[in-house]
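Read the numbers this way: they start at 1 and go in the same order the structure lists the ligands and their atoms.
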Amino acid sequence: MAVGAVTAILKPRATVKDGSLNQPWVHPHVSQSQDPVKGRQLHVTAPIATGEILMADTPYAVIPVVDDPISSTEILCSNSTCHRKVSNRVTCPNHCVPEVLWCSDICREADRARHGFECAWLKTKGAVLRSNEGEYYFGVLWLIVRVLAARSVESKSVRIGREKERFSSGWTAMKELCDNRGLWPEAELVQWRMLVEKYLCDQSLQTSFSAEEMLTLICQQESNSFGLYPRATGLSDGIDRGEQYAAAIYPRSSIANHSCCPNITHKPDEQGRMVFTASKDIAAGEECCISYFDLSKCVDVSMRQKNLKELFSFGCQCQRCVAELPSEEEIWGALPFC
Ligand SMILES: C[S@@+](CC[C@H](N)C(=O)[O-])C[C@H]1O[C@@H](n2cnc3c(N)ncnc32)[C@H](O)[C@@H]1O
């Protein structure tokens, strides 16, 4: 069958025009398994052709990341069932932070409970956090608060009995995210503990989470969050992915490991769903990997290893790195006393 035809049949059921169908979708041949070194991984159970969509995952939480929120046209609607870029700006009546926008009164109303959870925290902590700790940590903590907000809404919603899912969803999936707790440098953990105590253990946040549980959320977020970029990540054509406009946590997409020769590209659609597309033919049993960074900017093996160590705290064990890294004999042979 032609690639185009397969793609047409297997593309996500939910289209960007149909908000009521804003559901995650995973290709029937995509499964998860366990690797002794890398932990959980995605693989395919039958061949997949280049161009086929493998997954369109809905985020558990998203935050906008823009330089100038007042004039930006890149801010996503705060309503978690919409997440389209906002053109008609409906603002927060409490003026919490300028990035909180909805595309209509209907979206604001639909998002009332979720935003109600974060609004007081944003109003009391947002500006001071930004000026004391900078934009990066404002974003890290806001994403945690949005995760807690989504959890709070989920815990109050009525559960409809479902068949056993192939992939966990909601808070169950969030608890399964790896946190790499033993790998983060102590200095980083000290800094994150300070941030938790100063900004998250606060009365403006109605949560029963302990400081230790919040720290685990930061570790999970640092290991699993995605930047949202206008163009695909993982293409081999050297075109960079453009400017980041949001950051998000995706429960199912987070199972994908990194490879410096990925067989999947990832790109958000117009509703903030993370879409995985096969960039090569993938054989049955093969692992499906994305690239965690822009490979067009990071070519050399030592640079790639350094990048992953600094950003994610792990040493890359992908096929390309294993082939390009010097063997133990080569390292010993290069030492002056040998
Ligand atoms: C987003 S998670 C991917 C899913 C993860 N394997 C799990 O068990 O949940 C990222 C973590 O997976 C592991 N990982 C991903 N790609 C890897 C690679 N190329 N080499 C070694 N470890 C990798 C690292 O521990 C990394 O921090």
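- Not a single heavy atom of C321 sits less than 4.0 Å from an atom of ligand 1.
- Of the heavy atoms in I255, only backbone atoms (N, CA, C, O) come closer than 4.0 Å to ligand 1.
- For the pair E52 (side chain) and A49 (backbone), a donor-acceptor distance under 3.5 Å is present.
- The single protein non-hydrogen atom nearest to atom 13 (C) of ligand 1 is K38 O, 3.6 Å, given as residue, atom name and distance.
- Ligand 1 lies within reach of G315, whose nearest heavy atom is under 4.0 Å from it.
- When atom types are taken as modelled, the side chain of N180 and the backbone of S223 share no donor-acceptor pair closer than 3.5 angstrom.
- Checking E109 against W102 by side-chain atom types alone, no donor-acceptor pair falls below 3.5 Å.
- Annotation for ligand 1: atoms under 4.0 Å from non-hydrogen atoms of C316 are 19 (N), 20 (N).
- Scanning the protein heavy atoms around atom 20 (N) of ligand 1, the nearest turns out to be Q317 N, 2.9 Å.
- Atom 27 (O) of ligand 1 has N180 ND2, 2.5 Å as its closest protein atom, hydrogens excluded (heavy atom only).
- Between the side chains of R146 and S78, at least one donor N or O lies within less than 3.5 Å of an accepting N or O.
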Mind running ring pair (Phe, Tyr, Trp, His ring centres under 6.0 Å) on F312 and Y292 for me, showing each step along the way? CA-CA 9 Å; F312 302 98; Y292 290 1; 5.2 Å; yes
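- By the 4.0 Å heavy-atom criterion, S259 is excluded from the residues contacting ligand 1.
- When S254, G39, S223 are checked for heavy-atom proximity to atom 4 (C) of ligand 1, S254 turns out nearest.
- Under the 4.5 Å side-chain criterion, counting only non-hydrogen atoms from C-beta, S253 is in contact with F276.
- A centroid separation of less than 6.0 Å is found between the aromatic rings of W171 and F209.
- Looking at E74 and K85, a side-chain N of the basic residue comes within less than 4.0 Å of a carboxylate O on the acidic one, giving a salt bridge.
- Below 3.5 Å of separation, one finds an N or O of H258 facing an N or O of ligand 1.
- Nearest residue to atom 10 (C) of ligand 1 from F314, Y292, Y250 is Y292 (criterion: closest heavy atom).
- Considering backbone and side-chain N/O of N224, none are found under 3.5 Å from N/O of ligand 1.
- Nearest protein heavy-atom contact of atom 14 (N) of ligand 1 is N257 OD1, 3.6 Å.
- With F167 as the aromatic partner, R252 does not meet the cation-pi criteria of under 6.0 angstrom to the ring centre and within 45 degrees of the ring axis.
- Taking a cutoff of 4.0 Å between a charged side-chain nitrogen and a carboxylate oxygen, E99 and R89 do not qualify as a salt bridge.
- Shortest contact from atom 11 (C) of ligand 1 to any protein heavy atom: C178 SG, 3.8 Å.
- Regarding atom 9 (O) of ligand 1, its nearest protein heavy-atom neighbour is R40 NE, 3.1 Å.
- Taking every non-hydrogen atom of A256 and a distance limit under 4.0 Å, the qualifying atoms of ligand 1 come out as 3 (C).
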